A.B. asks: 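Okay, handing you the structure first.
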Amino acid sequence: MITVTQLRDEIAALKVRRTAVLDSPISKAERDAAVLAWCVDQSAAIHDNVHHFVAGVAYGGSLAGLLQVRAAQTSVVDLAPFLAHVIGPDVLARSLCKHFADTPEGLSAAERAEQLAAADEAILDLELAEEKFIVASEIAGAPIARRADADPRAVLWIDPDDEPPAIDAAPPRPAPAEPEKPRRSRVVPSSYMAGSAP
Amino acid sequence: MIDFAKLARLQMAFTEKNAALRGMGEEYRRLIGHTARSESPGYVQSDAEFQRVHALKKRIAELELETAPLGQLVASLERYASGVAA
């Protein structure tokens with residue numbers, strides 16, 4: 001018979017796999033499309049300026065200064081708009097994407113959504129099984145503490161024929177724990193002892 | 001459908017544990033005989049009293065380990081229940 005510890009281990013393992021799906025790279029096609037979109041944006045940003053120079057040539061104007069960059073030593077010069085506009089966003093995008101040739105294929109948005117949905121469903125199933133186990137243990141007189149991060153749908157939803165409403169927003173990620181500062185004096189470890197408990 | 005009875009039971013369990021912790025905290029401060037800000041083991045007069053304080057601190061720590069996750073869970077359940085009800 002499966003124990004609550006085994007269920008919790010399975011839930012933890014599934015959550016790790018779910019995080020891996022979230023953190024996995026996007027597909028090559030999506031990456032290339034994102035690079036191209038960026039190059040198009042860069043080109044559009046400089047379009048009016050270049051158009052002004054080029055239109056002037058028709059009236060005897062000069063292109064001198066078109067590709068000139070004046071900058072102080074500490075300032076940043078962004079050549080992307082010039083490059084994208086002059087050589088074309090598609091050419092710049094292809095050129096940039098050559099550098100990604102060896103990167104592994106990632107997940108498309110559809111694949112990612114599908115895998116996340118499958119993981120969420122499996123996790124919820126396990127959490128429902130865990131809650132049943134906890135309730136049975138309570139009835140048997142051997143209560144088991146629930147996890148602080150238990151899915152509220154698993155704990156509170158009581159209509160097995162109906163899908164529990166989704167949680168509106170994912171819980172905020174806990175902030176990374178700050179390293180404890182060294183303290184000289186002996187410190188009371190509990191706010192209850194200090195009389196400042198919430 | 002939300003199991004509001006279960007939610008109420010869990011809220012009550014948290015309230016009880018929290019109250020127990022408050023009571024133990026008061027008892028701790030009474031035994032120590034001064035505020036935690038100026039706490040020093042030197043204020044404890046006898047070995048028996050020292051042992052009592054030590055045991056109380058241990059029990060507070062244990063109960064806090066049970067209470068804190070329960071408090072987080074109850075807060076999460078309350079948010080979910082109010083979201084579904086809205």
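Quick caveat, the model's predicted, so the values are computed rather than measured.
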A.B. asks: Around atom NZ of A:Lys15, are there more than 12 heavy atoms of other residues, nucleotides or ligands at under 6.0 Å?
C.D. replies: yes
A.B. asks: What part of B:Ile60 is in contact with chain A, defined as an atom under 4.5 angstrom from a non-hydrogen atom: side chain, backbone, both or neither?
C.D. replies: side chain
A.B. asks: Under a 4.5 Å cut-off applied to non-hydrogen side-chain atoms, are A:Ile123 and A:Asp151 in contact?
C.D. replies: no
A.B. asks: Nearest 0.5 Å please: distance from the CD1 atom of B:Ile2 over to the CH2 atom of A:Trp157.
C.D. replies: 5.5 Å
A.B. asks: Quick one: which of B:Ala75, B:Gly25, B:Ala61 has the most heavy-atom pairs under 4.5 Å with chain A, could you say?
C.D. replies: B:Gly25
A.B. asks: Counting only heavy atoms not in A:Glu121, do more than 12 fall under 6.0 Å of its CD?
C.D. replies: no
A.B. asks: Side chain, backbone, both or neither: which part of A:Ala150 has a non-hydrogen atom closer than 4.5 Å to chain B?
C.D. replies: both
A.B. asks: Counting only non-hydrogen atoms closer than 4.5 Å, does B:Leu56 touch chain A with its backbone (N, CA, C, O), its side chain (CB onward), both, or neither?
C.D. replies: neither
A.B. asks: Under 4.5 Å heavy-atom distance to chain B, tell me which part of A:Glu131 shows up: side chain, backbone, both or neither.
C.D. replies: side chain
A.B. asks: In Å, rounded to the nearest 0.5 Å, how long is the span from CZ of A:Arg17 to CG of A:Leu116?
C.D. replies: 13.0 Å
